[in-house]
*Asks:* 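To start, I am sharing the structure in question, which I have written as structure tokens.
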Amino acid sequence: MKYEWWHEAVVYQIYPRSFMDSNGDGIGDLAGIASKLDYLAGTLGVDAVWISPFYPSPMADFGYDVADYTDVDPMFGTLDDFDTLVEGAHERDLKVIIDWVPNHSSSQHPWFLESRSSRDNPKRDWYVWKDPAPDGSPPNNWISVFSGPAWTFDEHTGQYYLHSFLSEQPDINWRNDKAKAAMLDTLRFWLRRGVDGFRLDACHFSMKDPLYRSNPVLDTPRHGYKNLGEYDSLEHIHDRGHPDIHGLFREVRAVLDGFSAGQPRFSVGEIHLEGEEWARYYGNGDELHMPYYFGMLHGDWTASWAREVVETQERVLPPGAWPNHVLGNHDETRIATRYGERRARLATLMLLTLRGTPTIYYGDELGMVQADIPPDRQQDPWGRRQPGLGRDGCRTPMQWTTGEHAGFTTGQPWLETVDPGGALNVQAQLGDPDSMLSLTRRLIEVRKGSNALRTGSYDAIEGLPETVFAYRRGAGGETVCVYLNFGDEPVRVPAEGTLLAATRSGASGPVDGVLALDSLDGAVLGT
Ligand code: NOJ
Ligand code: CA
């Protein structure tokens, strides 16, 4: 197997609103990110950044409502700032992955403005327009992920348009060849500008039932790991993931491959599906390079759960496909709050020693916690609409220093920082060998220096106490063994080797026969 950069990379997700503000307006921007490249590529040592959307946008969904796919919102800077960022990143051998939002644009995108202007506008069919049902109600029973009908009536032209998310995010009609060509061209625009890859937002939504049939109504709602209210009362067989999606992804892949000579380009899809259905998005190595695997996001936090999550992915992977793991992102409760601080350390050790590309969410390397934002200060439209589902709490500004607003801005931050005066910041944690930052840096360093961890095989180590999940990674003659104690009690396990990293910073040196692990401790041994 030939390994490309994205097989071996540690990816780091940046929410640009919240990473670093360069001009004191309280909102992060591209120049802010550029000013932190030494932190990313040097101090932390990640290999790639995925930057959430920075396109011109009315910000109804903080940039996931794109009004122009080939520009930068003035709030985040300019195309020149983007070029400078890419250049600075590449000088440091850091890859740049950007978000691409294929399922929907903003309702303010010129394409949609044209589309809604009249029934015979040439771009009418670039979006999904349908007549009302005979009683005037929406064309079918589809529900928006963000609650309420997935259809909004347009008085002016007397038809409904489809939006799988907010009404400000009309779904693009990927069955229209001109719309498709225009969208694929936006990929080329950024590929020419040097991006190394794309994260495809909500991308399995892009192809629906061509007959727009209603979804079956479930007798009992089926909730995923989040309770999405009425959305969960339908079986989503018609409103997303139509098999034609695979043809579309092959076209996307062909565009990327066309730019990959000398600079391999990469795609990762946000696809909240499971098992074989999820794995289908690899195609025969001709669709997405990988769909994100979200198994680690939720669970009962036992050793058997963790093993099952890992091995389920391994089991369903098509031949030659590459796994990946994620502990957090801009839609999920911060891991340090979801699982607790000690468990977050153990989870990070697991993330960075498993087979497959790991993605770290900004701030998780500090153990940043979920902010508790009172309902009247919630900014996320989803949270305003459905209390409890708001995502502001995991989007607070990155914490750089012990100073005011954690060094994120010289102005008033768009959301308050968490833990003022505490240790959840880079400055406080850099010199502290026990900090989450030191642990994360060490694990990245160990992964970088180890073929076994980056590309080696995975085998569970059997015969250990049931609270322990342990695995062996091997490549060439090198073997690395990882032991994770998920239990509340200390354990002693048979092991030999040299400690390369551990959740407990003091742990080092040879292990000769027995490894003692406290509750929620993990260790990485080179043998
Ligand atoms: C998934 C993104 O991760 C989320 O933040 C966004 O709100 C929806 N897609 C809609 O684009
Ligand atoms: Ca700014």
Side-chain angles (χ1 to χ4, degrees), residues 10 12-15 17-21 26 28 32-33 35-46 49 301 327-330 332-352 358-373 392-446 484 501-508 518-524:
V10 175
Y12 183 89
Q13 183 193 351
I14 292 178
Y15 198 64
R17 258 185 109 74
S18 301
F19 195 61
M20 182 65 200
D21 174 23
I33 300 172
S35 73
K36 294 297 184 185
L37 289 174
D38 285 336
Y39 170 77
L40 293 163
T43 311
L44 193 55
V46 296
V49 288
W301 195 259
L327 294 177
N329 62 39
H330 63 293
E332 306 295 335
T333 303
R334 283 267 178 201
I335 182 165
T337 301
R338 195 174 352 117
Y339 289 154
E341 187 198 322
R342 302 260 336 265
R343 288 168 165 186
R345 290 174 72 94
L346 189 62
T348 301
L349 190 141
M350 176 165 66
L351 174 78
L352 290 168
T359 301
I360 299 174
Y361 182 49
Y362 86 92
D364 281 353
E365 77 273 31
L366 306 172
M368 268 174 66
V369 293
Q370 185 80 359
D372 192 9
I373 298 176
D392 292 344
C394 65
R395 298 173 175 181
T396 58
M398 174 68 178
Q399 311 207 149
W400 297 102
T401 70
T402 51
E404 200 179 7
H405 303 313
F408 164 72
T409 181
T410 54
Q412 196 53 40
W414 76 281
L415 283 176
E416 286 299 342
T417 50
V418 291
D419 175 50
L424 294 182
N425 62 77
V426 174
Q427 188 182 11
Q429 293 195 13
L430 262 185
D432 174 2
D434 288 323
S435 68
M436 182 73 166
L437 181 57
S438 296
L439 173 65
T440 311
R441 292 178 68 194
R442 175 67 189 148
L443 287 166
I444 292 174
E445 187 186 8
V446 169
L484 311 162
T503 47
R504 198 163 281 267
S505 71
S508 67
D518 252 341
S519 152
L520 300 180
D521 266 344
V524 187

*Asks:* Could you tell me which residues satisfy salt bridge (Lys or Arg N to Asp or Glu O under 4.0 Å) with E445, sequence neighbours excluded, listed by chain and number?
*Replies:*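 Salt bridge (Lys or Arg N to Asp or Glu O under 4.0 Å) check on E445 returns R442.
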*Asks:* Could you list all the ring-ring contact (aromatic ring centres under 6.0 Å, His included) pairs where at least one residue sits in residues 401-443, not counting sequence neighbours?
*Replies:*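 Every pair satisfying ring-ring contact (aromatic ring centres under 6.0 Å, His included) with a residue in residues 401-443: F62-W414.
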*Asks:* Could you walk me through whether L351 and T359 pass the side chain to side chain contact (heavy atoms under 4.5 Å, CB included) test, one step at a time?
*Replies:* CA-CA 8 Å; L351 174 78; T359 301; over 6 Å; no
*Asks:* Angle between ring planes, W301 versus Y339, binned at 30° and 60°: parallel, tilted or perpendicular?
*Replies:*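 Rings of W301 and Y339: tilted, 30 to 60°.
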*Asks:* Once side chain to side chain donor-acceptor pair (under 3.5 Å) is applied, do any residues pair with E404, and if so which ones, sequence neighbours excluded?
*Replies:*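 Partners of E404 under the side chain to side chain donor-acceptor pair (under 3.5 Å) test: none.
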*Asks:* Determine whether P397 and L415 make a side-chain contact, defined as any pair of heavy atoms from C-beta on separated by less than 4.5 Å.
*Replies:*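 Of all side-chain heavy-atom pairs linking L415 with P397, at least one is under 4.5 Å.
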*Asks:* Hey, mind stepping through Q429 and L424 against side chain to side chain contact (heavy atoms under 4.5 Å, CB included) and telling me if it holds?
*Replies:* CA-CA 7 Å; Q429 293 195 13; L424 294 182; 4.0 Å; yes
*Asks:* With sequence neighbours excluded, what pairs up with A406 under the side chain to side chain contact (heavy atoms under 4.5 Å, CB included) test?
*Replies:*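 With neighbours one apart ignored, the set is Q399, T417.
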*Asks:* To the nearest 0.5 Å, what is the distance between CG on L40 and CD on E365?
*Replies:*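 Rounded to the nearest 0.5 Å, the CG-CD separation comes out at 8.5 Å.
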*Asks:* Does D432 have any salt bridge (Lys or Arg N to Asp or Glu O under 4.0 Å) partners at least two apart in sequence or in another chain, and if so, which?
*Replies:*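 Partners of D432 under the salt bridge (Lys or Arg N to Asp or Glu O under 4.0 Å) test: none.
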*Asks:* Calculate, to the nearest 0.5 Å, the distance between atoms CZ and CD1 belonging to R395 and I373 respectively.
*Replies:*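 R395 atom CZ to I373 atom CD1 measures 10.0 Å (nearest 0.5 Å).
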*Asks:* How about Q427 and T402: does a side-chain donor come under 3.5 Å of a side-chain acceptor?
*Replies:*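 Side-chain D/A pair, Q427 to T402: present.
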*Asks:* Going by salt bridge (Lys or Arg N to Asp or Glu O under 4.0 Å), name the residues that satisfy it together with R345, two or more places apart in sequence or in a different chain.
*Replies:*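 So R345 forms no salt bridge (Lys or Arg N to Asp or Glu O under 4.0 Å) with any residue.
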*Asks:* To the nearest 0.5 Å, what is the distance between CD1 on I360 and OG1 on T440?
*Replies:*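 Atom-to-atom, I360:CD1 and T440:OG1 are 6.0 Å apart.
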*Asks:* According to salt bridge (Lys or Arg N to Asp or Glu O under 4.0 Å), who are the partners of D518, at least two apart in sequence or on a separate chain?
*Replies:*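 Partners of D518 by the salt bridge (Lys or Arg N to Asp or Glu O under 4.0 Å) criterion, ordered by chain and then number, come out as R504.
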*Asks:* Applying salt bridge (charged side-chain N to carboxylate O under 4.0 Å, His left out), which residue pairs with at least one partner in residues 412-430 are found, sequence neighbours left out?
*Replies:*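 Output for this query is empty, none listed.
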*Asks:* If you measure from OH on Y361 to CD1 on I14, what distance do you get to the nearest 0.5 Å?
*Replies:*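 Going from the OH atom of Y361 to the CD1 atom of I14 covers 11.0 Å.
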*Asks:* Residues in side chain to side chain contact (heavy atoms under 4.5 Å, CB included) with T43, at least two apart?
*Replies:*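 If we apply the side chain to side chain contact (heavy atoms under 4.5 Å, CB included) test to T43, skipping adjacent residues, the hits are Y39, L430, R441.
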*Asks:* What are the two closest heavy atoms between L439 and A502, and how far apart are they?
*Replies:*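 Minimum heavy-atom contact is CD1-O, 3.3 Å.
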*Asks:* CG/L349 to CG/L443 distance, rounded to the nearest 0.5 angstrom?
*Replies:*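 It comes to 5.0 Å.
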*Asks:* Rounded to the nearest 0.5 Å, what separates atom CD in E332 from atom OG1 in T337?
*Replies:*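 Here the rounded value is 13.0 Å.
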*Asks:* Got a donor-acceptor contact below 3.5 angstrom from the R342 side chain to the S519 backbone?
*Replies:*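 Answer holds: yes.
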*Asks:* I'd like to check the side chain to side chain donor-acceptor pair (under 3.5 Å) partners of S438; sequence neighbours left out, ordered by chain and number.
*Replies:*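 Result, side chain to side chain donor-acceptor pair (under 3.5 Å) vs S438: S435.
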*Asks:* Who passes side chain to side chain donor-acceptor pair (under 3.5 Å) against R17, sequence neighbours left out?
*Replies:*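 None.
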*Asks:* Is a donor on one side and an acceptor on the other found under 3.5 Å between the side chain of T503 and the backbone of L346?
*Replies:*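 Checking the backbone N and O of L346 against the side chain of T503, no donor-acceptor pair under 3.5 Å is found.
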*Asks:* According to side chain to side chain donor-acceptor pair (under 3.5 Å), who are the partners of D364, at least two apart in sequence or on a separate chain?
*Replies:*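 For D364 the side chain to side chain donor-acceptor pair (under 3.5 Å) partners, ignoring immediate neighbours, are R334.
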